[in-house]
Amino acid sequence: MQKIIQLNDRRFKVMIPAEEIDRAVSAVAERINKDYAEADTPIFLGVLNGSFMFLSDMIKKIEFNNEISFVKIASYEGTTSTGQVQSLIGLNGSVEGRHVIIVEDIVDTGKSIEHMFELLQAYNPASIEVCTLFFKPRSYSRQIPIKYVAMEIGNEFIVGYGLDYDQLGRNLKDIYVVTE
Ligand code: 5GP
Ligand code: MG
């Protein structure tokens, strides 16, 4: 019997169980461990709110010395992107000359990450890479390279593991998808 949950007006069913998420998080952390083994104290920049659970699980698997900071960018409501991207808050300016890894919950059209990337460039970091838990390749339309992708999905709307539907569902340990 498939477990169905209700968040406001929508019903959701499990799409990706927690064990599968954990394997994908381990695999992406392993790649980052290899690539940054010799780098001078990289900074992980978690994009709030969605990335908090992914970053907290992934960082436990990171083996080099690092710093963590959280930034906030445009909010997203409902099942379609609003197209409204505001400015970046929470950055203290200490990224100059540093290796930065932006940590996202999901990259959809790429509008948010592109904006984030451009704002960060103004602080002159040594490098910027993007690490995202989910990537929607069929929706992505920007040029920013998304180097670290834990999982690729289609254009379906998902919730759980930090991702919300109208602010609900972030606590779920599995990933859920809308159902009829
Ligand atoms: P983009 O700017 O790449 O189109 O959208 C990125 C943002 O849209 C994500 O950070 C996230 O907040 C939201 N988003 C895109 N797709 C989904 C989805 O399937 N589920 C949830 N919960 N949020 C999504
Ligand atoms: Mg996000």
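As the structure lists them, so they are numbered: ligands from 1, and atoms in each ligand from 1. Values below: every heavy atom of this structure, side chains too, minus hydrogens, waters and symmetry copies.
Asp174 places none of its side-chain heavy atoms less than 4.5 Å from the side chain of Met15.
A donor atom on one side chain and an acceptor atom on the other are not found under 3.5 Å apart for Thr41 and Asn65. Checking Asn66 against Tyr36 by side-chain atom types alone, no donor-acceptor pair falls below 3.5 Å.
Inclusion of Leu163 in the set of residues having an N or O under 3.5 Å from an N or O of ligand 1 is not warranted. At under 3.5 Å, not a single nitrogen or oxygen of Val107, backbone or side chain, sits near a nitrogen or oxygen of ligand 1.
Within Asp105, OD1 is the N, O or S atom that lies nearest to the Mg ion (ligand 2). Of all N, O or S atoms in Glu104, the one lying closest to the Mg ion (ligand 2) is OE1.
At least one heavy atom of Gly110 sits closer than 4.0 Å to an atom of ligand 1. At least one heavy atom of Asp105 sits under 4.0 Å from some atom of ligand 1. At a 4.0 Å cut-off, at least one heavy atom of Lys136 sits close enough to ligand 1 to count as contact.
Remark: side-chain polar atoms of Asn33 are paired, donor with acceptor, to backbone N or O of Glu63 under 3.5 angstrom. The backbone N or O of Pro145 sits nowhere less than 3.5 Å from a side-chain atom of Gln143 that would complete a donor-acceptor pair.
Proximity to Ser112 (heavy-atom distance under 4.0 Å) selects the following atoms of ligand 1: 1 (P), 2 (O), 5 (O), 6 (C). Remark: ligand 1 atoms within the under-4.0 Å shell around heavy atoms of Glu104 are 10 (O).
Between Phe135, Phe157, Tyr165, it is Phe157 that holds the heavy atom closest to atom 18 (C) of ligand 1. The option from Ile113, Thr109, Ile146 that lies nearest to atom 4 (O) of ligand 1, judged by heavy atoms, is Thr109. Proximity annotation for atom 22 (N) of ligand 1: of Asp164, Val159, Val177, Asp164 comes nearest, heavy atoms only.
In this structure Phe117 satisfies the ring pair (Phe, Tyr, Trp, His ring centres under 6.0 Å) test with no other residue, sequence neighbours excluded. Judged as a ring pair (Phe, Tyr, Trp, His ring centres under 6.0 Å), and not counting sequence neighbours, the contacts of Phe12 are Tyr165.
Under 4.0 Å from ligand 1, the heavy atoms of Glu156 that appear belong solely to its backbone.
For the pair Lys61 and Asp22, the salt-bridge criterion is met [side-chain N within less than 4.0 Å of a carboxylate O].
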